[in-house]
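Contents: one structure, followed by commentary.
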Amino acid sequence: MGDLKSMLNKLKRAALGAHTPHDKATAASKPIPMPLPAQVRILMSQHIGAPAKALVKKGDEVFVGTKIGEAGGFVSANIHSSVSGTVAAVEPFRLSNGRMCDSVVIKTDGKQTVDPAVKAPEVTDKASFLAAVRECGLVGLGGAGFPTDVKLQPKQSVDTLLINASECEVWLTSDTQEMLECSDDIIRGIKAVLQYTGIPKCIIGIENNKPECIDLLCKKTKDDSAIEVKPLPSVYGTGAELILIEKCLGREVPHGGLPADAGAIVMNVTSVSTLGKYLATGMPVVQRTITVDGDACAKPQNVVVPVGTAYQDILDYVGVKGELGKVVAGGAMMGPAVENLSYPTTKTTSGLILLSKAAAQPAQVNPCIRCGRCVEYCPMGLEPVEVNQAYAARDVQELGKLHADYCFNCGSCSFVCPAKRPVTQMMSLAKAFYLGEIKKGGNK
């Protein structure tokens, strides 16, 4: 048993990460605006933290960029209309996590008239910069949805702005297109963050399977010593904050800590690009470029959609081939299956993966053969087999020792499991149980 524990400890610092397929068929697909839908449903909860408070009522006229939701607390975000038209309803809507939140349904008028209040913000110092970031409703567009203005106000001393441009998820290429099409906006956003927060340097981390992005951003930053472009190994999991910090800075975030505890702030590349656009134009977050792909997608492509567009409208635009078995929102590894195609896109929607009935068919689950692959390929160096045993015993103390809370549901363990066991789902249950017990003051 001692030899096994010794091996596991070594594997923690040598975690490989999974080598997922490099299915990036849309990498060269320039974003195409899809036709305006008849209506949009804009959720008041599209971010981590308190939902926004609706500012409009049925019958109100709104324009592109009109603020329709006010941040509901310090950790919250403003919400803006993505279309011009008339508010048809302000009503509750069930989120994918089962909770309810308010939503604003807007019937579009087809004109896309921009709100007269939309103008570039006046930024002269840190306070006005943070106020502008908060006003535009910017959140982490890589999927986490954490309000950016809060992220840019750490209590700790930070020496590096780290831009996550790895885009390691299977099929997704919207970040790749953002780098190729909006590199000037990316640089503008980075320089603004450095200037107004006082962070001295920036590193842009890009997986080495995107050479055209690396070359372009190297060219754009060659005369700026404060910005470094760092090629990263093309391994799934590289985009996770803790892994990215280790790969780029050689630092480890302490257990239970934040990136700022390791001297870094991490921003998604599309987030910093959106910030650059806002500072130049004053247009808040009202649309997203999303990747639509998968074996059941008739025309895989990157499309630009107004926030609040129903999934069904997007499917109608790109087309479905064969028998549709499942739609996944986000990347194929981490994205949840869609239960209702009337669900709207949000600020954090990065892709829709359309899978055929055959591709969506679950594999036969077999007994665990204790091969250790889930340990070897976990990017966080966790031990799923041990976690499973601790969870089965409801042993909170052991789950803590095994750092079950480090799991970020990347799916690597299930992907490499030869027995096709639902390892990721088990890890999610174990993590939720552990955090719930700790919150209740359980056995630590």
Side-chain angles (χ1 to χ4, degrees), residues 1-20 96-98 144 168-170 235-246 252-258 261 328 330-337 361-444:
M1 186 65 181
D3 290 341
L4 174 62
K5 286 291 183 182
S6 176
M7 179 189 73
L8 293 176
N9 287 335
K10 289 178 181 178
L11 285 172
K12 281 186 179 182
R13 306 314 313 159
L16 300 178
H19 290 273
T20 54
S96 57
N97 61 12
C168 56
E169 262 281 13
V170 183
V235 179
Y236 177 71
T238 301
E241 280 191 336
L242 303 187
I243 305 300
L244 194 68
I245 291 170
E246 288 193 6
E252 185 173 356
V253 176
H255 184 223
L258 298 170
D261 293 316
V328 175
M333 292 290 284
M334 291 187 69
Q361 188 68 26
Q364 179 179 335
V365 177
N366 295 300
C368 173
I369 60 174
R370 301 187 71 83
C371 64
R373 289 187 185 178
C374 56
V375 179
E376 184 179 6
Y377 289 95
C378 172
M380 295 304 297
L382 302 180
E383 303 161 30
V385 174
E386 304 297 320
V387 170
N388 186 32
Q389 291 180 345
Y391 174 58
R394 299 300 190 267
D395 189 335
V396 179
Q397 188 173 18
E398 185 64 15
L399 287 172
K401 291 179 181 178
L402 293 167
H403 299 319
D405 54 324
Y406 263 9
C407 175
F408 59 95
N409 304 325
C410 70
S412 294
C413 49
S414 291
F415 179 79
V416 301
C417 178
K420 305 302 179 185
R421 300 187 63 78
V423 190
T424 304
Q425 290 87 336
M426 178 278 299
M427 292 292 289
S428 298
L429 290 171
K431 176 180 177 178
F433 168 75
Y434 171 73
L435 293 178
E437 290 299 303
I438 293 299
K439 188 174 182 180
K440 290 188 299 184
N443 179 15
K444 298 181 182 180

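Throughout, residue positions are numbered sequentially from 1 according to the sequence presented.
Side-chain contact between Pro422 and Val365 is present, with at least one heavy-atom pair separated by less than 4.5 Å. Within the 4.5 Å cutoff, side-chain heavy atoms of Pro379 are placed close to those of Phe408.
Rounded to the nearest 0.5 Å, atoms SG (Cys413) and CD (Glu383) are 13.0 Å apart. From Tyr391, atom OH reaches atom OH of Tyr434 across 15.5 Å, with rounding to the nearest 0.5 Å. Between Phe433 atom CZ and Ile438 atom CD1 the span is 9.5 Å, to the nearest 0.5 Å. Remark: Glu386 CD to Glu398 CD distance equals 7.5 Å, nearest 0.5 Å. Separating the CG atom in Leu402 from the CG atom in Asp395 is a distance of 8.5 Å, to the nearest 0.5 Å. Atom-to-atom distance recorded for Leu429:CG and Gln425:CD is 8.0 Å, nearest 0.5 angstrom.
Ion pairing of Lys440 with Glu437 is present here, as a side-chain N (NZ or NE/NH1/NH2) and a carboxylate O approach within less than 4.0 Å.
Looking only at distances, a side-chain donor or acceptor of Arg421 sits under 3.5 Å from a matching main-chain atom of Asn366. Put simply, the side chain of Lys431 gets close to the backbone of Cys407: a donor and an acceptor are under 3.5 Å apart.
Not counting sequence neighbours, Ser96 has no partner by the side-chain hydrogen bond (donor to acceptor under 3.5 Å, both in side chains) test. Scanning for side-chain hydrogen bond (donor to acceptor under 3.5 Å, both in side chains) contacts around Asp261 gives Gln156, with sequence neighbours left out. Applying the side-chain contact (heavy atoms from CB on, under 4.5 Å) test to Ala337 and every residue at least two apart in sequence or in another chain returns Lys326. With sequence neighbours excluded, no residue forms a side-chain hydrogen bond (donor to acceptor under 3.5 Å, both in side chains) with Thr238. Residues satisfying the side-chain hydrogen bond (donor to acceptor under 3.5 Å, both in side chains) test with Thr20, not counting sequence neighbours, are none.
Screening residues 404-416 for side chain to side chain donor-acceptor pair (under 3.5 Å) gives His255-Asp405, Asn409-Ser428, Ser414-Thr424 as the qualifying pairs, with residues at least two apart or on separate chains.
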